[in-house]
Amino acid sequence: MTTDHPNHVLTCALVRANPKFQRLARQRALLAWSLSGAVLAIYYSFIMVVAFAPAWLHLPLYDGSHLSLGMPIGVTIILLSWLLTAWYVHSANTRFDVLSSQILQESRA
Amino acid sequence: MKRLSALLALSPVLAHAEPIIAQKQPLNLHAIGMFFVFVLATLLITWWAARRTRSAADFYSAGGGITGFQNGLAIAGDYMSAATLLGLSSLVFAKGYDGFVYIIGFFVGWPIVTFLMAERLRNLGRYTFADIVSYRLDQTRVRSFAALGSLTVVCCYLVVQMVGAGQLIKLLFGLDYRTAVVVVGLLMLVYVIFGGMLATTWVQITKAVLLLAGGTTLVLMALSRFDFSFENLAAQAVAAHASGVQIMGPGTLLADPINAVSLSLGLVFGIAGLPHILMRFFTVPNAKEARKSVLFATVFIGFFFLVVCVLGYTAIVIVGTDPQFYVDGKIGGAMIGGGNMVAMHLAKAVGGNLFLGFLSAVAFATILAVVAGLALAGASAISHDLYASVLKKGCADEKKEMRVSRIATICLGIVAIALGILFEGQNIAFLVGLTFGIAASANFPVLIMAMYWGGLTTRGALYGGLTGLISALALVIGSPSVWVGVLGHAQALFPYDQPALFSMPLAFLVIVVASRLDRSERADRERAAYADQFVRAQTGLGAAMASSH
């Protein structure tokens with residue numbers, strides 16, 4: 001592993017001192033934690049409705065339908081999870097990775 | 001209630017489950033024929049992989065040469081067990097919307113793994129999740145704990161899979177239970193010992209493709225009976241089900257909010273503590289591919305879970321009103337082969353014996369792939385963590401380390417076969433709760449804190465991890481399903497079956513308090529080392545590279 005390399009400690013210090021690194025860490029943390037919060041909030045709101053207001057999910061989707069409101073809500077949770085995951089992976093694989101490789105370029109010890 | 005309990009035993013919710021005793025079925029020649037084709041294909045894969053598995057890196061992580069798409073399929077293959085196809089579709093068949101709620105809980109941990117864990121796992125780890133936990137902490141003690149956590153989870157889950165496999169094969173193929181357990185154990189040994197991670201990965205990919213294709217074909221054939229109209233399906237399902245319109249919304253399964261929240265916490269965060277799933281992130285060349293692989297896995301798993309849900313509702317109409325699937329032709333009575341066979345009966349109803357044979361072979365393939373992944377994770381904990389890092393202090397000879405990993409695999413295989421036979425007909429339902437409970441309460445808190453909290457020290461990780469492990473274990477033993485259901489006492493010591501709501505926060509609390517109170521010199525060094533770990537976590541600087549192939 002390159003961690004044993006004598007330049008490693010110096011490189012790490014250079015990376016940390018780079019303002020772009022601070023920006024990368026901040027932006028990534030903001031996106032990752034807010035998306036996690038969003039998914040957990042959506043899911044646990046759903047679980048609370050299941051536990052405390054189940055009748056609401058039994059309402060028909062439209063007049064005369066046998067499908068309930070609960071069906072599209074459940075499917076939406078899965079679809080939203082897909083979209084948010086894709087959003088994070090796209091941001092990380094483009095924006096964050098570009099920033100990260102710039103930082104490493106600028107910090108060659 | 002009894003039928004529900006029986007199907008819960010195969011599905012990973014474990015309420016008060018009765019032992020599943022499957023009746024032996026007549027030999028199913030279509031199923032056996034297709035199963036042989038699958039086994040032959042996987043043995044060819046293993047032979048091909050064995051010639052490419054030379055170093056420890058090849059054995060543990062397929063040399064880091066798996067692409068994001070391939071790994072996404074393999075993760076899906078690791079996660080979608082036979083319980084998913086059979087247990088969850090039966091749950092929807094019996095309980096309607098409650099099954100769907102349960103399915104969503106099984107899925108929702110994946111986005112969290114993507115956001116918080118995938119890239120850090122890849123950047124910081126090499127072969128096992130203990131690499132990350134012990135990155136800046138005391139190797140000997142922290143790795144020993146991580147290996148203990150891994151092995152506990154692996155062994156519990158192996159028993160669940162082996163017992164499920166024995167029952168399922170007895171049902172589907174008409175083979176003797178013990179023969180079935182031994183066959184599964186031996187095939188698992190062959191894949192892992194000769195082919196290592198490369199063979200295991202391709203067995204999982206093959207299985208995931210078969211399962212996705214089989215499930216999709218089945219749901220399309222079933223939906224064609226309803227002219228592909230969900231409105232039509234819902235109307236007929238409501239008319240056919242004993243609970244009528246109740247199946248379109250939440251019912252009684254999750255009526256107790258505390259048990260429901262505890263269960264969901266275990267499911268959501270348990271994923272991020274399952275060693276065989278975590279290990280998959282080390283098989284890709286870099287963090288970018290690791291992220292892509294969870295995105296693909298999330299899409300495949302979510303899609304398959306939706307398919308399973310629709311299968312359950314179509315089965316209410318197609319299987320639930322057909323006397324040929326009930327004992328003595330009594331609709332609403334005992335189902336032939338037990339409550340878990342709904343998806344199989346549906347396959348027979350819409351696709352005939354040939355399709356039933358195909359789906360049976362897929363179900364068996366599913367079990368094989370999952371146990372191979374588990375065995376590999378357990379063997380790595382023994383050889384990489386306990387032998388090479390704890391016993392030999394990181395100076396183990398690579399050849400010897402690989403030999404240890406193969407011996408460990410054989411031992412795990414023998415343990416799995418022995419426990420599988422020992423637990424025949426036992427109530428093993430609590431083991432699933434225990435697996436996810438320990439994964440969420442011991443492995444997950446220590447792992448996420450090691451990644452994200454600079455204040456973590458060796459003492460905090462050890463005390464907190466062990467607290468999570470022991471409290472999850474104790475709460476499951478004192479729960480209604482074990483204390484009353486298995487041990488036969490009159491009153492449970494602890495009112496809930498799911499431990500995570502209590503044991504997981506407790507583990508986090510002890511981690512934080514013990515780390516904060518740790519004033520040793522070593523603790524200061526460990527806190528200081530976080531700065532460099534953070535650089536590597538963010539940029540991949542110094543991360544393990546893929547070996548060339």
Side-chain angles (χ1 to χ4, degrees), chain A residues 1-3 5 8-9 11-13 15-16 21 24-25 28 31-33 35-36 39-40 42-44 46-52 54-61 65-71 74-75 77-82 84-86 88-90 92-93 96-97 100-101 103-104 107, chain B residues 97-98 100-101 103-105 107-108 110-112 114-116 118-119 126 230-239 245-246 248-251 254-258 260-261 264 268 287-288 291-292 294-295 298-299 302-303 305-306 309 452 531-532 534-536 538-545:
Chain A
M1 272 189 278
T2 43
T3 11
H5 199 272
H8 184 74
V9 177
T11 313
C12 278
V15 168
R16 270 199 306 280
F21 179 71
L24 170 70
R28 197 202 300 271
L31 186 62
W33 288 104
L35 289 179
S36 304
V39 168
L40 290 177
I42 294 168
Y43 174 63
Y44 279 98
F46 174 68
I47 291 292
M48 288 303 134
V49 174
V50 168
F52 296 106
W56 194 69
L57 294 170
H58 280 279
L59 293 175
L61 193 54
S65 173
H66 288 277
L67 289 167
S68 65
L69 201 55
M71 292 293 160
V75 175
I77 293 177
I78 292 187
L79 292 182
L80 275 178
S81 301
W82 281 347
L84 296 181
T85 307
Y88 180 79
V89 171
H90 179 74
N93 282 358
F96 296 157
D97 274 2
S100 165
S101 62
I103 295 165
L104 290 180
S107 312
Chain B
Y97 196 79
D98 277 348
F100 190 25
V101 175
I103 285 174
I104 294 170
F107 169 75
V108 120
W110 284 104
I112 308 291
T114 318
F115 305 146
L116 297 181
E119 64 201 12
R126 198 156 166 233
F230 288 108
E231 184 58 57
N232 202 344
L233 167 62
Q236 292 193 40
V238 166
V245 76
Q246 286 302 316
M248 303 311 288
L254 298 162
D256 177 357
I258 299 207
V261 170
S264 69
V268 171
K288 187 176 200 153
R291 288 181 214 114
K292 273 196 218 162
V294 240
L295 175 59
T298 306
V299 171
F303 168 75
F305 281 9
L306 288 174
C309 183
Y452 280 92
D532 283 0
F534 188 63
V535 170
R536 175 157 158 183
Q538 290 285 349
T539 62
L541 178 71
M545 296 294 160

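Reminder, nothing fancy here: chain letters follow the sequence lines and each chain counts from 1.
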When A:Ala55, A:Ala13, A:Ala51, A:Gly74 are compared by non-hydrogen pairs under 4.5 Å with chain B, the top option: A:Gly74
Worked check of side chain to side chain contact (heavy atoms under 4.5 Å, CB included) between B:Val101 and A:Phe46: CA-CA 9 Å; B:Val101 175; A:Phe46 174 68; 4.0 Å; yes
Proximity breakdown for A:Val15 and chain B, heavy-atom pairs closer than 4.5 Å: side chain
Which portion of B:Gln246 sits near chain A, non-hydrogen atoms under 4.5 angstrom: both
B:Phe230 atom CZ: more than 12 heavy-atom contacts under 6.0 Å: no
Which portion of B:Val238 sits near chain A, non-hydrogen atoms under 4.5 angstrom: side chain
Beyond-backbone contact of A:Phe21 with B:Phe534, side-chain heavy atoms, under 4.5 angstrom: yes
Contacting moiety of B:Ala531, where chain A heavy atoms sit under 4.5 Å: both
Heavy-atom side-chain contact between B:Leu116 and A:Ser36 under 4.5 Å: yes
Side chain / backbone / both / neither for B:Val261 at chain A, heavy atoms under 4.5 Å: both
Interchain contact, A:Leu67 with chain B, by part (heavy-atom threshold 4.5 Å): both
Any B:Phe107 side-chain heavy atom under 4.5 Å of A:Ile78 side chain: yes
Heavy-atom side-chain contact between B:Pro257 and A:Phe52 under 4.5 Å: yes
A:Phe96 and B:Gln538, any side-chain heavy atoms less than 4.5 Å apart: no
Min side-chain heavy-atom separation B:Asp532-A:Arg16 under 4.5 Å: yes
Interface moiety of A:Ile47 toward chain B, non-hydrogen atoms closer than 4.5 Å: side chain
Heavy-atom contact with chain B under 4.5 Å, split by part of A:Val75: both
Test item: A:Tyr88 and B:Arg291 side chains (from C-beta on) under 4.5 Å apart, heavy atoms: yes
Validation row: B:Thr114, A:Val89 side chains within 4.5 angstrom (heavy atoms): yes
Engaged part of B:Phe303 at the chain A interface, taking heavy atoms whose separation is under 4.5 Å: both
Contacting region of A:Asp97 [heavy-atom separation from chain B under 4.5 Å]: side chain
A:Trp56 atom CH2: more than 12 heavy-atom contacts under 6.0 Å: no
Top contributor to chain B contacts, counting heavy-atom pairs under 4.5 Å, from A:Ala92, A:Ala86, A:Ser101: A:Ala92
Residue, of A:Cys12, A:Pro54, A:Pro60, that accumulates the most heavy atom pairs under 4.5 Å with chain B: A:Cys12
